[in-house]
Amino acid sequence: MKKMLKNYFMLAAALTLVMAMLCGCGNDNATGANDGAFTTVTEGKLIMATNAYFPPYEYYEGDAIVGIDAEVAQAIADKLGLELEIQDMEFGSIITAVQTGKVDMGLAGMTVTEERLQNVDFTTSYATGIQSVIVPEGSEITSVDDLAGHMIGVQLSTTGDIYATDDFGADYVEQYNKGADAVLALTQGKVDAVIIDNQPALSFVAANEGLVILDTEYAIEDYAACISKNNPELMEAVNTALEELIADGTIQGILDKYIKAE
Ligand code: GLN
């Protein structure tokens, strides 16, 4: 009897200890809507930086910024229980805005490159991009091999700009703030070709008479969202959300809505 009583007390003590540990853990975790797993610049918000002149990834419809990236970001924000805010800025300012903690992430048809990876981290890729070449109809440039020695228009700080400057030299590359400005210069004969991502290229060619896209591709790349290296918790949360959205077909549905099969 005595032994049984002793066992009973030991069991009760052990149970009390376990209960205390469980309660302790529970209290530590109760720090906010996402259990304190990640932080954003403004509580309850997911602030995305973009350059809204890149159809169909981001463009204005009235005052609203719409497009693939806006919808992908909205789907991520919904999964994380956050309100999405989109800030429009120069493409070349996006990485700095992410790095300096002014925004939570950049989503701008942005290509993952080794150089950018030194400054920011990239999520899982959600789309493929192609660098295309636009020329006037009847141009003597009929493939990417003909580009050398010609004036090439690009959008400042994009991969088109970086690769063209590497391949052909800065003297042959004219940088414009917007892709549309590079295309305008092409229609005015100020440059001989424009190197730009294929989806905006298709929009620009559709909107301007007398331009064609070369059949040969200049480069094939991965688009991803960039997030500060100082916020690995947000990176993990966004990646988890994005990977679920890829797996359940949501991302493909968004891409198909804006990019019609040829
Ligand atoms: N994909 C290109 C890059 O990342 C262009 C992106 C853009 O102009 N929005 O440089």
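Just so you know, ligand 1 is whichever comes first in the structure, and atom 1 is the first atom listed for that ligand. Owing to the predicted nature of the structure, the values given are computational and were not obtained by experimental measurement. Side chains are part of it too, since the values below use all heavy atoms of this structure and drop only hydrogens, waters and symmetry mates.
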Taking atom types as modelled, find out whether Glu221 and Gln131 have a side-chain donor-acceptor pair closer than 3.5 angstrom.
yes
Does an N or O anywhere in Thr158 fall below 3.5 Å from an N or O of ligand 1?
no
With Asp146, which of Ile141, Val133, Asp192 fulfils side-chain contact (heavy atoms from CB on, under 4.5 Å)?
Ile141
Side chains of Asp161 and Ser157: is there a donor and an acceptor less than 3.5 Å apart?
no
Below 6.0 angstrom between ring centroids: does that apply to Tyr57 and Tyr258?
no
Under 4.0 Å, counting heavy atoms only: does Tyr57 come that close to any atom of ligand 1?
no
Show the nearest heavy-atom pair for residues Val120 and Cys226, with the distance to one decimal.
CG2-CB, 3.7 Å
Ligand 1 to Tyr223, heavy atom cutoff 4.0 Å, flagged ligand atoms 1 (N)
Ile196 and Gly179: which non-hydrogen atoms are nearest, and at how many Å?
CD1-CA, 3.7 Å
Hey, does Gly109 come in under 3.5 Å of ligand 1, counting only N/O atoms on both sides?
yes
Of all the atoms in ligand 1, which lie at a distance below 4.0 Å from a heavy atom belonging to Glu221?
1 (N)
Any side-chain donor-acceptor pair under 3.5 Å between Tyr126 and Asp222?
no
Atoms of ligand 1 close to Ala108 [distance to a heavy atom under 4.0 angstrom, numbered from 1]:
6 (C), 7 (C), 9 (N)
List the closest protein heavy-atom neighbour of atom 7 (C) of ligand 1: residue, atom name, distance to the nearest 0.1 Å.
Phe54 CE1, 3.3 Å
Out of all atoms in ligand 1, which are within 4.0 Å of some heavy atom of Asp197? Include the element for each.
1 (N), 2 (C), 5 (C)
Less than 3.5 Å apart, any donor N or O on the side chain of Asp69 or Tyr223 sitting next to an acceptor on the other?
no
Only heavy atoms of Arg116, strictly under 4.0 Å: list the atoms of ligand 1 that pass.
3 (C), 4 (O), 10 (O)
Hey, which atoms in ligand 1 end up nearer than 4.0 Å to a heavy atom of Gln155?
8 (O)
Does Gly129 come within less than 4.0 angstrom of ligand 1, counting non-hydrogen atoms of the residue?
no
